[in-house]
Amino acid sequence: MTEQEVKDKILEVFTSQKSNPSADFNESHFMDFLTHPAHKKNTIKNSFRGVRKYYRFMDKLELEFGICFSYSDLDKYYSIDKLTKKVLERIKKGKGNKMILQRRNEEKEKYIFEIILLTILAGLFYWQGISWISVLVAVLFGGIIYWIVSSKLYSKNHLKKMNKRLNIN
């Protein structure tokens, strides 16, 4: 693939992932425009919604190009031109992509935080019974647990797709 083809494909995926596909964006910090309204320069990961949009966009790029970004790659903010160069670099490193995916596959999911929240919730119901405080805390904790578990399930599903895409069993 040429650099221009990669850039066009990145912009196509970017447009499909943006909250407002018709909104203009600045190429020097285009990822901040994944949400609407756009974040200030290099601050998209400062909100829950922004973090989710950012990582889902990067996951779509991985699937589209059959590459894997390292964790240090995912921590950086890119302009469209820098991201195009990074994608071209990752395309050339076929074995490196498979090694990164192997490491991701070997990581074990930990549910410690969710268990702690459920234990606190159970203790609250034990001592308080059903009251407006315990119901309010249950709704709050339920939202937090849902957000965390749904993100973990999404990541697990993404790994399965990447394993198929890179032909790893």
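- Counting heavy-atom neighbours within 6.0 Å of Tyr111 OH, excluding the residue itself, gives a total above 12.
- Distance NZ/Lys93 to CE/Met99: 10.5 Å, rounded to 0.5 Å.
- Residues Leu153 and Val51 fall into different hydrophobic clusters, defined by Ile, Leu, Val, Met, Phe, Trp and Tyr side chains chained together at heavy-atom separations under 4.5 Å.
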Please lay out, stage by stage, how Ser72 and Asp75 fare under the test side chain to side chain donor-acceptor pair (under 3.5 Å). CA-CA 5 Å; Ser72 63; Asp75 283 340; over 6 Å; no
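- Using modelled atom types, no side-chain atom of Gln17 and backbone atom of Lys53 make a donor-acceptor pair closer than 3.5 Å.
- Ion pair Glu12/Lys9 flagged as a salt bridge, since at least one NZ, NE, NH1 or NH2 atom sits closer than 4.0 Å to an Asp/Glu carboxylate oxygen.
- With a 4.5 Å cut-off on side-chain heavy atoms, Thr35 and Ser47 do not count as touching.
- Taking 4.5 Å as the limit, some side-chain heavy atom of His158 sits within range of a side-chain heavy atom of Leu63.
- Using modelled atom types, no side-chain atom of Tyr54 and backbone atom of Leu34 make a donor-acceptor pair closer than 3.5 Å.
- The backbone N or O of Glu109 sits nowhere less than 3.5 Å from a side-chain atom of Lys152 that would complete a donor-acceptor pair.
- In this structure, Phe30 is a member of the same hydrophobic cluster as Phe65, with clusters built from ILVMFWY side-chain heavy atoms closer than 4.5 Å.
- Both Tyr71 and Phe57 are part of a single hydrophobic cluster, where members link through side-chain heavy atoms under 4.5 Å apart.
- Side-chain atoms of Asn20 do not come within 3.5 Å of backbone N or O of Pro37 as any donor-acceptor pair.
- The backbone N or O of Gly129 sits less than 3.5 Å from a side-chain atom of Ser134, completing a donor-acceptor pair.
- Under the 4.5 Å side-chain heavy-atom criterion for Ile, Leu, Val, Met, Phe, Trp and Tyr, Phe48 and Phe113 are members of the same hydrophobic cluster.
- Remark: side-chain polar atoms of Arg165 are paired, donor with acceptor, to backbone N or O of Glu64 under 3.5 angstrom.
- Listed here is the closest heavy atom pair of Phe141 and Leu117: CD2-O, 3.4 Å.
- Judged by the 6.0 Å and 45° rule, Lys45 forms a cation-pi pair with Tyr77.
- In this structure, Lys98 NZ and Met162 CE are separated by 11.0 Å, a value rounded to the nearest 0.5 Å.
- Atom CZ of residue Phe125 and atom OG of residue Ser131 lie 7.5 Å apart, to the nearest 0.5 angstrom.
- Ile145 and Leu118 make their closest contact through CD1-CD2, 3.8 Å (heavy atoms, listed as atom of the first residue, atom of the second, distance).
- A 6.0 Å sphere centred on CE of Met1 holds more than 12 heavy atoms belonging to other residues, nucleotides or ligands.
- Under 3.5 Å, the side chains of Thr84 and Asp81 contain no donor-acceptor pair of N or O atoms.
- Distance alone, capped at 3.5 Å, is enough to place a donor-acceptor pair between the Asp32 side chain and the Thr43 backbone.
- Residues Phe33 and Ile44 form no side-chain contact, since every pair of their non-hydrogen atoms from C-beta on lies 4.5 Å or further apart.
- Proximity of Val6 to Ile10: side-chain heavy atoms (C-beta onward) are separated by under 4.5 Å at one or more points.
- Using a 4.5 Å heavy-atom threshold, the side chains of Trp147 and Arg52 count as touching.
- Residues Lys86 and Glu89 are paired through a salt bridge, judged by an N-O separation under 4.0 Å between the basic side chain and the carboxylate.
- Side chain of Asn163 to main chain of Leu159: a donor-acceptor pair is present (N/O by atom type, distance under 3.5 Å, no hydrogens or angles).
- The existence of a salt bridge linking Lys7 and Glu3 is excluded, since no basic side-chain nitrogen approaches an acidic carboxylate oxygen closer than 4.0 Å.
- Counting heavy atoms from C-beta outward, Gln128 and Val137 have side chains that stay 4.5 Å or more apart.
- Between the side chain of Ser79 and the main chain of His29, no donor-acceptor pair closer than 3.5 Å is present.
- In this structure, Phe14 and Phe25 have perpendicular ring planes: the angle between them is above 60°, well past the 30° mark.
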Criterion side-chain contact (heavy atoms from CB on, under 4.5 Å) on Phe69 and Val87, from CA distance to verdict: CA-CA 9 Å; Phe69 292 109; Val87 168; 4.0 Å; yes
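- Criterion: ILVMFWY side-chain heavy atoms under 4.5 Å apart, direct or through other members. Under it, Leu140 and Leu121 are part of a common hydrophobic cluster.
- Across Asn97 and Arg90, no two heavy atoms sit closer than the pair ND2-O, 2.7 Å.
- Note: Arg56 CZ to Ser155 OG = 7.5 Å, rounded to the nearest 0.5 Å.
- The CZ atom of Arg103 sits 11.5 Å away from atom CG of Asn105, with the distance rounded to the nearest 0.5 Å.
- Distance check, rounded to the nearest 0.5 Å: CG of Leu88 to CD of Glu5 gives 10.0 Å.
- Aromatic ring centroids of Tyr55 and Tyr154 lie 6.0 Å or more apart.
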